[in-house]
J.: 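Pasting in a structure now, in structure tokens, and then I'll have a few things to ask.
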Amino acid sequence: MGIKRLNHAVLYVSDVADSAAFYRDVLGFRPKGDAASRRAVFAQAAHSDNDHDLALFQLNLGQQRSGPFSPSGETPAPHQPRAGLYHLAWEVDTIQELKRIRDHLAEIGKLGMEEDHGVHKSVYGHDPDGLLFEVCWFVPEAALEARDREPGDGRLDWARELARGA
């Protein structure tokens, strides 16, 4: 048996409270425990049965970072790897929910791209630290059309997808 879906993500952020509010207000993550912590917040997605789906840790508190362990939070030396995250993808159940999130991101100036990947439709946004994330909806198998399985131009046709997802 293989991987089913992302269980949780841990992000280093510049302001835990701002990031927790962003993920709560835009993507519906519910903070657990001490949501007022300046050091770390754990949050659960709205319809998740995971203990937590997202953890937000304050930068430079001596935690392990990508690459070598740094007990004092010092900057990596030039010869040390600077591995990083490209983006995380969160899945929603309906095209209507994807559109709601898209509109909210646009309203607050955090919307990046919107893309039709064929079998799934995506919007991309940036959190308060500029970290890229994707929110996607997979077309139900019964609703897939031949054109969904072939390369397209990537443009997301909201009217078509909302009609199909109704």
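Remember, predicted model here, so these are calculated numbers, not experimental data.
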J.: Are side-chain heavy atoms of His126 and Leu111 found at a separation under 4.5 Å?
T.: no
J.: After noting the C-alpha distance and the side-chain angles of Glu115 and Tyr124, does the key distance pass the side chain to side chain contact (heavy atoms under 4.5 Å, CB included) rule?
T.: CA-CA 8 Å; Glu115 212 161 8; Tyr124 296 83; 3.8 Å; yes
J.: Under a 3.5 Å distance rule, please check whether Asp116 uses its side chain to pair with a backbone N or O of Gly154 as donor and acceptor.
T.: no
J.: At what distance, to the nearest 0.5 angstrom, does OG of Ser122 lie from CG of Leu98?
T.: 7.0 Å
J.: Mark yes or no for whether Asp129, through its side chain, and Leu131, through its backbone, hold a donor-acceptor pair below 3.5 Å.
T.: no
J.: If you apply the rule side chain to side chain contact (heavy atoms under 4.5 Å, CB included), what do you find for Glu91 with Leu6, and how did you get there?
T.: CA-CA 9 Å; Glu91 183 180 342; Leu6 182 67; over 6 Å; no
J.: Quick test of your reading: applying side-chain hydrogen bond (donor to acceptor under 3.5 Å, both in side chains), list the pairs with at least one residue in residues 16-25, sequence neighbours left out, ordered by first then second residue.
T.: Tyr23-Asp127
J.: Check step by step if salt bridge (Lys or Arg N to Asp or Glu O under 4.0 Å) holds for Arg160 and Glu145.
T.: CA-CA 12 Å; Arg160 178 183 104 120; Glu145 301 168 1; 3.3 Å; yes
J.: Testing Phe133, Trp90, Phe42, Phe22 one by one against Phe29 for a ring-ring contact (aromatic ring centres under 6.0 Å, His included), which residue passes?
T.: Trp90
J.: Start with the C-alpha gap between Leu88 and Leu11, add the side-chain angles, then the distance that decides, and say whether side chain to side chain contact (heavy atoms under 4.5 Å, CB included) holds.
T.: CA-CA 10 Å; Leu88 301 170; Leu11 304 176; 3.9 Å; yes
J.: Can Gln44 and Arg30 be counted as having a side-chain donor-acceptor contact under 3.5 angstrom?
T.: yes
J.: Side chains of Val139 and Arg164: does their closest heavy-atom pair fall under 4.5 Å?
T.: yes
J.: Any carboxylate oxygen within less than 4.0 angstrom of a Lys/Arg side-chain nitrogen, looking at Glu97 and Arg100?
T.: yes
J.: Could you check if a side-chain atom of Glu161 sits within less than 4.5 angstrom of a side-chain atom of Leu156, using non-hydrogen atoms only?
T.: yes
J.: How long is the span from the CG atom in Asp53 to the NE2 atom in His47, to the nearest 0.5 Å?
T.: 11.5 Å
J.: Can you see whether Glu114 engages Trp158 through a side-chain donor-acceptor pair at a distance of less than 3.5 angstrom?
T.: yes
J.: Can you find a pair of side-chain heavy atoms, one from Val92 and one from Ile101, that are under 4.5 Å apart?
T.: yes
J.: Of the non-hydrogen atoms in Pro128 and Lys110, which two are nearest, and what is the gap between them?
T.: CA-NZ, 4.0 Å
J.: Testing the basics here: between Ala143 and Asp148, what is the closest heavy-atom pair and its distance to 0.1 Å?
T.: O-OD2, 4.2 Å
J.: How about Lys121 and Phe138: do any of their side-chain heavy atoms sit closer than 4.5 Å?
T.: no
J.: Looking just at side-chain N and O atoms, do Glu134 and His87 make a donor-acceptor pair shorter than 3.5 Å?
T.: yes
J.: Heavy atoms, side chains only, cut-off 4.5 Å: are Val10 and Leu54 in contact?
T.: no
J.: Do Lys99 and Leu162 have side chains that approach each other closer than 4.5 Å (heavy atoms only, starting at C-beta)?
T.: yes
J.: Please report the closest heavy-atom contact between Gln58 and Ser14, naming both atoms and the distance.
T.: NE2-O, 2.8 Å
